[in-house]
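Working notes, beginning with the structure itself.
A, B, ... follow the sequence lines: proteins, then strands. Residue 1 opens every chain.
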Number of protein chains: 2
Amino acid sequence: MDETRGADGTAEAPETRPKGTRRRGAALVGAIHAAAVEETAARGLEGATMEGIARRAGTAKTSLYRRWEAPEDIVLEALHAAYPMEEPTPAADDLRGDLVRALRLMRDSFDTRPKYAQALMAVLVASWARPDLHERLYREVFDPRGERFTKRALLHYADKGVVDRERVTDVVADIGEAMVFKHMLDTMQPPDDAYLDMIVDQAILPAVGIDPRTLS
Amino acid sequence: MDETRGADGTAEAPETRPKGTRRRGAALVGAIHAAAVEETAARGLEGATMEGIARRAGTAKTSLYRRWEAPEDIVLEALHAAYPMEEPTPAADDLRGDLVRALRLMRDSFDTRPKYAQALMAVLVASWARPDLHERLYREVFDPRGERFTKRALLHYADKGVVDRERVTDVVADIGEAMVFKHMLDTMQPPDDAYLDMIVDQAILPAVGIDPRTLS
DNA sequence: GGTTTTAGCTACGGAATCGTATCCAACATG
DNA sequence: CATGTTGGATACGATTCCGTAGCTAAAACC
């Protein structure tokens with residue numbers, strides 16, 4: 001019962017640590033990043049406040065204003081810092097396996113950090129009404145990480161001649177991510193392995209002209 | 001320059017009407033619905049306030065509290081009232097055409113009312129952190145409208161034997177909507193006709209085992 | 001150790017929103 | 001036209017967040 005509760009009933013669990021001790025530098029910034037992500041996940045980007053982030057991080061407002069100007073500056077920095085890095089595709093000779101692994105990589109990055117996924121979606125949707133924010137999101141978070149998920153695998157096998165290069169269009173390269181997103185929006189849960197298999201077998205592979213039943 | 005501006009710089013254009021005149025009943029409720037959708041689109045569900053909605057609708061806070069308890073009650077009601085109704089599929093003998101038309105129906109419902117689409121997405125994402133809201137959204141907005149978009153068309157042609165019933169899975173039925181959503185998230189724009197054609201030709205038709213090049 | 005940097009704490013006036021109360025007037029009804 | 005209903009306007013104390021200031025003290029540096 002050592003929790004405080006925000007105005008909306010959302011549980012806030014302020015970081016606690018031995019009194020008379022202080023974090024600095026990276027440790028402090030990390031805690032604030034985490035707090036900003038939590039705050040955004042719980043109250044939305046527009047509902048996030050400096051006071052709320054400070055509470056969650058167990059620090060003082062002044063410490064936030066020393067480094068940032070507004071909640072969204074902290075959140076964007078946090079999302080960038082935590083964005084899943086690319087595992088260069090193992091490039092075994094296994095198209096189906098690589099596709100499944102690519103989707104799992106994406107899924108896991110949300111599954112293990114649901115607050116992170118929620119915050120990312122919140123910013124993505126908020127940016128819809130704010131072109132400046134949309135531009136920053138893609139420039140500061142998405143773009144720096146390069147090619148993503150299934151597209152890399154598809155292009156790899158196109159180069160090897162396993163699939164028709166003509167069929168690896170932008171639309172096809174987006175199918176996997178689009179389906180994972182939709183599933184999360186519908187169910188509030190990341191898809192399980194069985195569902196990822198279905199995406200690959202029923203949507204992606206047919207789109208590149210491969211009948212999964214012929215793959216053994 | 002007869003606009004006021006909200007705290008975040010968002011333009012607010014309060015409803016104006018001849019002074020000494022009043023709306024009541026449906027006319028008033030309709031204006032408030034529109035205002036609630038605008039407010040949510042501009043400031044997010046968590047950022048929306050009763051005061052803001054009242055300003056946009058050009059009415060008084062008291063008039064809102066007379067009927068509703070909180071912004072989200074108004075927004076959910078507004079989304080329900082404005083949700084696109086189902087055009088029963090024309091059921092011509094034209095699978096590809098029906099799929100394209102189904103996607104256009106979905107796209108147009110967003111394209112002609114961008115504020116509505118933004119609000120819908122804002123609520124959808126906010127509901128992710130709030131199971132109660134998610135439940136209400138599906139129960140009060142989505143569910144009452146029944147089967148959606150491409151699935152109806154696919155099932156129709158499965159019954160006619162044009163496509164393999166086995167291949168019309170939930171995953172496949174979701175491809176179209178998933179791709180339209182993703183496109184909107186990425187670009188902040190509803191897809192144009194050419195893009196919808198690509199979704200049908202490159203993703204949906206292959207998934208049900210039809211090569212679009214054989215269709216005409 | 002002594003010094004510099006950086007966190008933490010408290011407090012403040014201003015602004016926005018909350019939810020309610022009060023009063024008046026426009027509308028609808030008969 | 002008389003009456004009852006509904007919307008509009010204003011005001012209020014309470015709460016939350018804003019952004020800044022001033023001070024103390026822990027951590028890092030030399």
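The side chain of B/Thr59 contributes an N or O atom lying less than 4.0 Å from OP1 or OP2 of D/dG8. The phosphate of D/dC17 (OP1 or OP2) has a side-chain N or O of A/Arg43 nearer than 4.0 angstrom. Between A/Arg23 and D/dA26, a side-chain N or O to OP1/OP2 separation shorter than 4.0 Å is absent.
A distance of 9.5 Å separates CD of A/Gln189 from CH2 of B/Trp128, quoted to the nearest 0.5 Å. Between the CD1 atom of B/Ile204 and the CG atom of B/Asp174 there is a distance of 10.5 Å, given to the nearest 0.5 Å.
Across the protein-nucleic acid pair, A/Glu46 atom CD and C/dT17 atom P stand 14 Å apart, rounded to whole Å. Rounded to whole angstrom, the span from the CD1 atom of A/Ile74 across to the P atom of D/dC18 amounts to 10 Å. Atoms CZ (B/Arg56) and P (C/dT17) sit 11 Å apart, rounded to a whole Å. If you take CZ of B/Arg24 and P of C/dA26, they are 12 Å apart, rounded to a whole angstrom. One atom, CD of A/Glu69, and another, C1' of D/dC17, lie 17 Å apart when rounded to the nearest Å. With rounding to whole Å, A/Leu64 atom CG is found 13 Å from D/dC17 atom P. Across the protein-nucleic acid pair, A/Glu72 atom CD and D/dC18 atom P stand 12 Å apart, rounded to whole Å. Rounded to whole Å, the distance from CD1 on B/Ile53 to C1' on C/dT17 is 12 Å.
Salt-bridge check for B/Asp193 with B/Arg107: passed, with a basic side-chain N closer than 4.0 Å to an acidic carboxylate O. Using a 4.0 Å cut-off between charged side-chain N and carboxylate O, A/Arg43 and A/Glu38 make no salt bridge. Classification of A/Asp98 and A/Arg152 as a salt-bridged pair fails, no side-chain N sitting under 4.0 Å from a carboxylate O. Comment: A/Arg130 engages A/Glu72 in a salt bridge, judged by a side-chain N to carboxylate O separation of less than 4.0 angstrom. Contact check on B/Asp111 versus B/Arg104 returns no salt bridge, with no Lys/Arg side-chain nitrogen under 4.0 Å from an Asp/Glu carboxylate oxygen.
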Expected rows: protein N/O vs nucleotides 20-25 of chain D N/O, under 3.5 Å:
{"unit_1": "D/dA25", "atom_1": "N3", "unit_2": "A/Arg22", "atom_2": "NH1", "d": "2.7"}

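Each of B/Glu51 and A/Gly25 lies near DNA chain C, and the nucleotide nearest A/Gly25 is the one positioned closer to the 5' end. Of the residues near DNA chain D, A/Ala48 and B/Leu28, the one whose nearest nucleotide (by heavy atom distance) lies more toward the 5' end is B/Leu28.
In A/Asp132, the CG atom is crowded: over 12 heavy atoms of neighbouring residues, nucleotides or ligands sit closer than 6.0 Å.
When the C1' atoms of four end pairs are superposed on the next four at each end of the helix from C/dG1-D/dC30 to C/dG30-D/dC1, using five pairs per end, the two resulting axes differ in direction by 40°, to 10°.
Heavy-atom minimum distance, A/Glu177 versus A/Leu103: N-CD2, 4.5 Å.
The side chain of B/Thr49 sits closest to C/dC18 out of C/dC18, C/dA7, D/dG8.
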